[in-house]
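What follows is a single structure, written as structure tokens, with notes after it.
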Amino acid sequence: MHRLVPILALSALCIPALAQTSTVVVPNGYANTVGNSNNAFPWNRATASMRYQQIYDTSNFTLQGINYPILIQGLRFRPYPGAVTSWTGGSWPNIRVDMATCPTDYSAASTTFANNLGANAQTVLQGQVTVAAGSTLGAGVLVPWHVNVPFSTPFLYDPTLGGDLTMDVYLDGTGWTGGGRACDVVSTAGLAREIGRAHV
């Protein structure tokens, strides 16, 4: 079991309001704080194929006052700041992203990927994912989000029902062009878990 947790932003429509779109950053508490590590998974793999899952505890949402269903419309990831450097960006033509409510608690996630996908598992994207070009300004300085994954099909998630949130990425390295950057992550035992990595 790995404890590297990507810092990501979810673009979500709050169902009770039906018109209020907002950004939710998870893990909770990292909207304006740099993580303490970096990871090439999932968006700095170049031509290497992989399957990757991340499970976020419901408290990442409820601690931010989200006690109602939300319609997740996309994901954004930010690059690890590190030393001053730049990257050219690039893209893959065919990535699959699934979302689901996890049938177990994130702390008891299975190394069998299918066991972490509830009955509501849904493919939210089948298509291109782009890594934007960018540069860092030095260690500890937040960098703008460099990977934007707009969903072709939004995912309905309700953290009050007790099920954690699973993100499942199938990355086919075929067709990659350009240069990427490792993601900003939190190395932690709390609130989320990277449950495994495997080649597809």
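Worth saying up front: this structure is predicted, and the values here are computed from it rather than measured. We count residues from 1, following the sequence as given.
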Quiz item: Would you find a donor on one side and an acceptor on the other, under 3.5 Å apart, between the side chain of Arg181 and the backbone of Tyr80?
Solution: yes
Practice problem: Flag the pair Tyr68 / Thr160 as yes when at least one side-chain heavy-atom distance between them is below 4.5 Å, and no otherwise. | Solution: no
Quiz item: Does Trp176 use its side chain to pair, donor to acceptor, with the backbone of Gly178 at less than 3.5 Å?
Solution: yes
Practice problem: Look at the side chain of Glu194 and the backbone N and O of Val5, then say whether any donor-acceptor pair between them is shorter than 3.5 Å. | Solution: no
Quiz item: salt bridge (Lys or Arg N to Asp or Glu O under 4.0 Å) with Asp98: which residues, sequence neighbours excluded?
Solution: Arg96
Practice problem: Taking the side chain as every heavy atom from C-beta outward, state whether Thr166 and Met99 have any atom pair closer than 4.5 Å. | Solution: no
Quiz item: Any link between Met167 and Met50 through a network of hydrophobic side chains (Ile, Leu, Val, Met, Phe, Trp, Tyr) touching at under 4.5 Å?
Solution: yes
Practice problem: Mind jotting down which residue pairs meet the salt bridge (charged side-chain N to carboxylate O under 4.0 Å, His left out) criterion with at least one end in residues 142-171? Sequence neighbours excluded, please. | Solution: Arg51-Asp168
Quiz item: Does Pro154 reach the side chain of Leu13, with side-chain heavy atoms less than 4.5 Å apart?
Solution: no
Exercise. Quick one: name the residues clustered hydrophobically with Leu142, using the 4.5 Å side-chain heavy-atom rule over I, L, V, M, F, W, Y, and just say none if it's on its own.
Key: Val34
Quiz item: Is there a donor-acceptor pair closer than 3.5 Å between any side-chain N or O of Thr88 and the backbone N or O of Gly179?
Solution: yes
Quiz item: Which heavy atom in Pro81 sits nearest to a heavy atom in Gly138, and how many Å separate them?
Solution: CB-O, 3.7 Å
Quiz item: Any donor-acceptor pair under 3.5 Å linking the side chain of Trp87 with the backbone of Ala132?
Solution: yes
Exercise. Give the other cluster members for Leu137, using side-chain heavy-atom distances under 4.5 Å between Ile, Leu, Val, Met, Phe, Trp and Tyr residues; answer none if it is isolated.
Key: Val141
Quiz item: Within the distance-only criterion (no hydrogens, no angle test), does the side chain of Tyr106 pair as donor or acceptor with the backbone N or O of Leu191 below 3.5 angstrom?
Solution: yes
Practice problem: Go through the side-chain N and O atoms of Ser187 and Asn36 and say whether any donor and acceptor fall under 3.5 Å apart. | Solution: no
Quiz prompt | Residue pairs, two or more places apart or on separate chains, that pass ring pair (Phe, Tyr, Trp, His ring centres under 6.0 Å) and touch residues 45-66 | solution = Phe61-Tyr157
Quiz item: Within the side chain of Gln64, is there an N or O that forms a donor-acceptor pair under 3.5 Å with the backbone of Val26?
Solution: no
Quiz item: Counting N and O atoms only, with roles assigned by atom type, does the side chain of Asn115 sit under 3.5 Å from a partner on the main chain of Ser110, one being a donor and the other an acceptor?
Solution: no
Quiz item: Can you hop from Val124 to Leu117 via hydrophobic side chains spaced under 4.5 Å?
Solution: no
Self-check item: Transitive ILVMFWY side-chain link Ile55 to Leu63, under 4.5 Å
Solution: no
Quiz item: Can you tell me how far the CG atom of Asn60 sits from the CG atom of Leu8, to the nearest 0.5 Å?
Solution: 9.0 Å
Self-check item: salt bridge (charged side-chain N to carboxylate O under 4.0 Å, His left out): pairs with one or both residues in residues 68-95, sequence neighbours excluded
Solution: Arg78-Asp184
Quiz prompt | Rounded distance [0.5 Å steps], OG in Ser11 versus CG in Leu75 | solution = 9.0 Å
Quiz item: Is the side chain of His146 donor-acceptor paired with the backbone N or O of Phe77 at a distance under 3.5 Å, no angle test?
Solution: yes
Practice problem: Could you tell me whether a side-chain N or O of Thr136 sits under 3.5 Å from a main-chain N or O of Ala83, the two making a donor and an acceptor? | Solution: yes
Practice problem: Apply the test side chain to side chain donor-acceptor pair (under 3.5 Å) to residues Thr130 and Gln128: give CA-CA distance (whole Å), side-chain angles for both, the deciding distance (0.1 Å), then the verdict. | Solution: CA-CA 7 Å; Thr130 299; Gln128 181 172 310; 3.0 Å; yes
